[in-house]
Amino acid sequence: MTLHRTTVTKRLFALLASTSLIMAMGACSSDNEAQSHEAGSTGTTTTVDAGNVVIFTPSDGITISQQTPLSKWEKLVPEIVSSLKDNDVKGSNITVKTASSLDKQSQSVQDYVVNHVNSTSDDAGSSDKTTLVVAPVADTTESDRQYGDYASHDITWDGNSSDEDAQDYAQSAKRLVSALQLAQNEGMKVVLVSNTLQGFTPDVYAPMTTAEQVGQLQAKQLVSKLELDKTSSDNPKHIEVLLPYDAADESGNTADATFAQDVFKGIWSVLGPYFKDGKAVSPSGTLTSSSTESDWVSVAFDAAKSERVKSTLAERLGMDKDTSRHTRIDGIISCNDYVAGYVSEELNDLGYTGSAADINPSITISGIVDNITGKKDLKKQSVPDPAQAPESDDSDSDTEDTSDSLDKQNSQWPIITGYGAYVSSIPNIVNGKQWMTALENRKTLASDIAQTCVQLNTSGKLAKLTFISSVAMEDEKVPTIQEEELAVSASNLKKTLIEPGYISLAEAGL
């Protein structure tokens, strides 16, 4: 009789704690669009109960382009599942659920949490060692998705908005927060991945690269490759920034420009001082010595169509109408690989020649290929850049020859940066048309997340996990997984992408 009372009391407490959630659930506890599956059992037995792990991620972002980055949820989730099994979590205790919107995801999380609370109330012997791995679905634009699925977004909302769509979004976000808080109150742990949630503090946070970091990384790579620290204002480097941006979302409403603004903020935090000192200039004049991070609009453009990318570059170089003479361009920050691919196409169409391998420090294309195929290491050799730009003498009888020589110099291929590690972009890196790209350290992150889940379920102590540090979040110190993104160029492509198995030699165009 006492046991029956205890069980009933526990059930009532759980139901009261989740009243607002249950009212929102409706008659059906399953989401038709939220897909779920139970990972197959490995058959491994262990004396330690590693508990349950439930993974909630967005469905893969859909882009209008056939080109897709390596940073996709469909790539990360199986690696987390595999790592969990390697860490003695039974396949039958691993569940994966995906959803295409925050509304559907919040209902899916809510359903699981309430059902789990009720099931453990019914069965006093059931395991309540459960960790939820949640990557909240962000409302992103087409240009945002060009960076891949993992780029971090802060999920915030205005609860007092009069806009109906904003109200629906706020309701979904609040439902997700309430469900996760209930889970924590009932003893479950929450690992938040990539995107943050306004008003919610997870047990562990696994951040991905932020928009600002995307910009900083490319700008730093450009500064290093062009050796801007050694550049003179008498012979500045000519640099353009192509910032993809959607003025409106798919519904025709004004799009959130935060991501694009933050990408440029990261770029300008690195390049700004060089423009201010005259060591870098913009051929188009879109960026000047007096530009600030607030001038992001001057370099932003609609990149939804490939022809728009190409025409924008031609306009920036002043070659949209006259292609008889080339404009000097030393570096182009394309922001992502989608844009970088069409930048390379347009430069080729405009008659630019050579490759990034021709620019300081010098690396030959044959050396790149031999290095990737394992035949030999790369040999780097610095190529000096004159302190002053060459001057032409208009009175010289060889003015025409001098002009031709100058145009030949101006037509040299620039440094092109990108982000996302599109499989379609890798051959361009091999042949030197694109200098670098970058991606999340996906395999290591999957292993980190798996180890974290097991530690939370078994001991709750994370002190022995060296990749965990304490970071401020929602005014609290939160254990945070720290892994740096991978910057990829021809010199390290083999070690960074091919050897770990991110891509094959065939995908690299070899």
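With sequence neighbours excluded, no residue forms a ring-ring contact (aromatic ring centres under 6.0 Å, His included) with Tyr274. Residues that satisfy the side-chain hydrogen bond (donor to acceptor under 3.5 Å, both in side chains) test with Asp256, not counting sequence neighbours, are Thr258. Applying the ring-ring contact (aromatic ring centres under 6.0 Å, His included) test to Tyr150 and every residue at least two apart in sequence or in another chain returns Trp73. Partners of Trp296 according to the ring-ring contact (aromatic ring centres under 6.0 Å, His included) rule, which considers only residues two or more places apart in sequence or in another chain, are Tyr245. For the side-chain hydrogen bond (donor to acceptor under 3.5 Å, both in side chains) test, no residue two or more places apart in sequence or in another chain qualifies with Ser306. Glu499 is linked by a side-chain contact (heavy atoms from CB on, under 4.5 Å) to Lys494, Lys495, counting only residues two or more places apart in sequence or in another chain. Applying the ring-ring contact (aromatic ring centres under 6.0 Å, His included) criterion to Phe301, with sequence neighbours excluded, gives no partner residue.
A donor-acceptor contact shorter than 3.5 Å is absent between the side chain of Asp295 and the backbone of Ser298. Put simply, the side chain of Asp337 never gets that close to the backbone of Ala340: no donor and acceptor are under 3.5 Å apart. Judged purely by atom type and a 3.5 angstrom limit, Ser152 uses its side chain to pair as donor or acceptor with the backbone of Met208. Looking only at distances, a side-chain donor or acceptor of Asn115 sits under 3.5 Å from a matching main-chain atom of Asp111.
Among residue pairs with one or both ends in residues 436-459, those qualifying as salt bridge (charged side-chain N to carboxylate O under 4.0 Å, His left out) are Glu79-Arg442, Glu79-Lys443; sequence neighbours excluded. Among residues at least two apart or in separate chains, there is no ring-ring contact (aromatic ring centres under 6.0 Å, His included) pair with a member in residues 156-203. Sorted by first then second residue, the side-chain hydrogen bond (donor to acceptor under 3.5 Å, both in side chains) pairs that include residues 197-208, not counting sequence neighbours, are Gln184-Asp203.
Using a 30° and 60° split on the angle between ring planes, Tyr147 and Tyr419 fall in the tilted class, from 30° to 60°. Classified by interplanar angle (parallel below 30°, tilted 30° to 60°, perpendicular above 60°), the ring pair Tyr342/Tyr338 is perpendicular.
Remark: the Ser106 side chain and the Gln110 side chain contain no N/O donor-acceptor pair separated by less than 3.5 Å. A donor-acceptor pair shorter than 3.5 Å can be found between the side chains of Asn441 and Thr444.
We find the CD1-CG distance between Ile429 and Leu493 to be 6.0 Å, quoted to the nearest 0.5 Å.
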Indicate every side-chain donor-acceptor pair of residues 262-271 with a distance under 3.5 Å to a residue at least two apart or in another chain.
| residue | atom | partner | partner atom | Å |
| --- | --- | --- | --- | --- |
| Trp268 | NE1 | Ser291 | O | 3.2 |
| Ser269 | OG | Gly266 | O | 2.7 |

Would you tabulate the side-chain donor-acceptor contacts of residues 459-473 under 3.5 Å, counting partners in other chains and residues two or more places apart, or write 'none'?
| residue | atom | partner | partner atom | Å |
| --- | --- | --- | --- | --- |
| Ser459 | OG | Gln455 | O | 3.4 |
| Ser459 | OG | Lys461 | N | 3.2 |
| Ser469 | OG | Gln482 | NE2 | 3.2 |

